[in-house]
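Let me begin by presenting the structure, written as structure tokens, before commenting on it.
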Amino acid sequence: MEDTNSLIEQRRQNLAGLNARGVNPFMNSFRPDAQCGTVRAELARWAEWNKSPEPKGDPVGLPEGTRVRLAGRITAHRDMGKSQFLDLRDVSGRIQLWIQPKVLGDDAAEIFKLLDLADFIGIEGTLFITRMGEPSVKVESFTPLGKSLRPPPGKWHGLEDTETRYRQRYLDLIANEPVKEVFLKRSLILKEIRSFFHQRGYIEVETPMMQAIPGGAAAQPFKTFHNALGCEFYMRIALELYLKRLLVGGVDKVFEIGRNFRNEGLSRRHNPEFTMLEAYEAYGDYATMMETVESLIRHVALSVVGTLQIEHRNADGDVFKTIDLSHWRRASYKDLVREKAGADWFAVSPEERRRRAVEDLKLAGDIAEGYEDFEVTGAVFEKLVEPTLIQPTFVTHLPKQLVPLAKISAEDPTTVEVFECCINGQEISPGYTEQNDPIAQREALEHQAGGEQQKLDEDFLVSLEHGMPPAGGIGIGIDRLCMMLLGQESIRDVILFPQLKPKA
RNA sequence: GGGUCGGUAGCUCAGCGGUAGAGCAGCGGCCUUUUAAGCCGUUGGUCCAGGGUUCAAAUCCCUGCCGACCCA
């Protein structure tokens, strides 16, 4: 970038000043022996212990006078003349520094004047509590570590421009502490998911993202080209078909967490690349997988959020929605539709259903001319039921036409052994009793391919013909799970670098 | 794809036909325990881009770009 302004010029001049004094403000390394936020918390803990009346018991935390070596970014500067107060911040948090440049010597005083807000520095000093009770470090020496040549966003309002927040996420992370919290917690969510499955004896695998035939879902793929092989590949749209090959191969409990790519619209709930979890368990079925989903999400919520009551807050900080993960409703598709569309919905004629959907339920815009009867009901579910399922709900007994690739229910042949787990008004996780009949699977895939033979993953069908154990399978959209657990209303707020149109 | 809103100083925003503004940040002073420190002074602008209307456009009109939200 060639853009510049007076603030950048000043910083470049300070850089030149440091160089002129033989100071390299871009050090190769610096080894801190503690973290800012941790030290601050421990010193505060000691101060609390120290001021309590006798008997105190054993000392806790870090006492005043402890020597520490810290590194971080300067995020605030309060100039008191002979006393200078800085905030030093690393990933653990911040701590206040007290610096008396003249006391450190004339060289140090000159170098101090050439520091700017947002520079990285390393310091050594001793802990103390100020008169105002602020845990602080009395700095004995400091070293520039990484100079910032551009001004940081404001400290008070932070960075609010959504475009800059997404395009330059690092600025968002510097300026907006809650944003960093979200992504640290996203990392913990992934960690706890892995831990949950490993504990249950699952194997984590990685399967191809570049696929000759993109299968496992109905979605538009991205296309790419491999030069050496001289052929086209597609970015995967689902993990499913490779994980089932592993069931054939005898990996009985298997999961993958990975990126899917769908060449479709962007929205508050859709990013072209998104993270999917899929898990398959041999000898399980949709019912065992319901238990898996519920246990998994409970475990993750308790481990990461610390509660099963997930609060969503608006811009003013008021709770506008609480998701209760301690109760998981199980309800049939038909019952849920009846709740919104009338108890006799399935008793009337298809023509009457269509009329009611269009006229009474005002779904004219959602029901195309050629829709079949089950699709009319499907629109009712999607538009009127699913958005209202804020609390965890397993929707079961879906009509077989709606999910053509699933196994028919033994107890009710008009339905399939499938659930959709809805939370927060959106589908978080579908689960299946997986199809392991290669002949039925071939028919279903051929029907889905609509005669386009090249779309048929023949290799997958061959694998099924070698024999696949009965199995339960689930998929969980990790981004949506993070939105739900972390109280975020946009997928862009749980993806570090959401896709935006490149600037010209 | 359609609708609504937005794009002005590093950040957050006001101004909405008549000299480009504020707070914070920055810079220069004062202050030896401050913390959104304070006080005094001060620098800083392709008002998203391009066209049009007008004596005069950040402001009105048109087109485009980018973003947010809603709808499809």
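In the text below, chain A, chain B and the rest are named by the order of the sequence lines, each starting its count at 1. A quick note: this is a predicted structure, and the numbers were derived from the prediction, not measured.
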Can a side chain N or O of [X] be found less than 4.0 Å away from OP1 or OP2 on [N]?
{"X": "A:R268", "N": "B:C70", "value": "yes"}
{"X": "A:R167", "N": "B:G67", "value": "yes"}
{"X": "A:K501", "N": "B:C66", "value": "yes"}
{"X": "A:R78", "N": "B:A37", "value": "yes"}

Could you check which of [options] has an atom nearest any side-chain atom of [X]?
{"X": "A:L500", "options": "B:U33, B:A68, B:C66", "answer": "B:A68"}
{"X": "A:E163", "options": "B:G67, B:U33, B:U12", "answer": "B:G67"}
{"X": "A:R131", "options": "B:A68, B:U33, B:U34", "answer": "B:U33"}
{"X": "A:K155", "options": "B:G26, B:A36, B:C13", "answer": "B:A36"}

In terms of heavy-atom contacts, A:H270 and A:G265 come closest through CB-O, 3.6 Å
Using purine N1 to pyrimidine N3 plus N6-O4 or O6-N4 for Watson-Crick, or N1-O2 and O6-N3 for G-U wobble, both under 3.5 Å, which nucleotide pairs with [N]?
{"N": "B:A58", "result": "none"}
{"N": "B:G10", "result": "B:C24"}
{"N": "B:G1", "result": "B:C71"}
{"N": "B:U34", "result": "none"}

Any N/O donor-acceptor pair, [X] side-chain to [N] base, under 3.5 Å:
{"X": "A:Q100", "N": "B:U32", "answer": "yes"}
{"X": "A:T130", "N": "B:U34", "answer": "yes"}
{"X": "A:E134", "N": "B:U33", "answer": "no"}

At under 4.0 Å between heavy atoms, what does A:G265 touch on the DNA or RNA strands: base, sugar-phosphate, or nothing? nothing
inquiry  = Once you apply a heavy-atom cut-off of 4.0 Å, does A:R492 come out as touching a base, just sugar-phosphate, or nothing?
reply    =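 Result for A:R492 = sugar-phosphate.
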Here the residues of residues 357-367 of chain A within 4.0 Å heavy-atom distance, strictly under, of RNA chain B are A:G365, A:D366
N/O to N/O distances under 3.5 Å, protein versus nucleotides 27-31 of chain B:
unit_1 : atom_1 : unit_2 : atom_2 : d
B:C31  : N4     : A:D79  : O      : 3.4
B:C31  : N4     : A:D79  : OD1    : 3.3
B:C31  : N4     : A:G81  : N      : 3.0

| said: Around atom CG of A:D107, are there more than 12 heavy atoms from other residues, nucleotides or ligands closer than 6.0 Å? | reply: no
Output a table of donor-acceptor pairs, distance under 3.5 Å, between side-chain atoms of residues 490-499 of chain A and any protein atom two or more places apart or on a different chain; print 'none' if there are none.
unit_1 : atom_1 : unit_2 : atom_2 : d
A:S490 : OG     : A:R492 : N      : 3.1
A:D493 : OD1    : A:R165 : NH2    : 3.3
A:D493 : OD1    : A:Y166 : OH     : 3.0

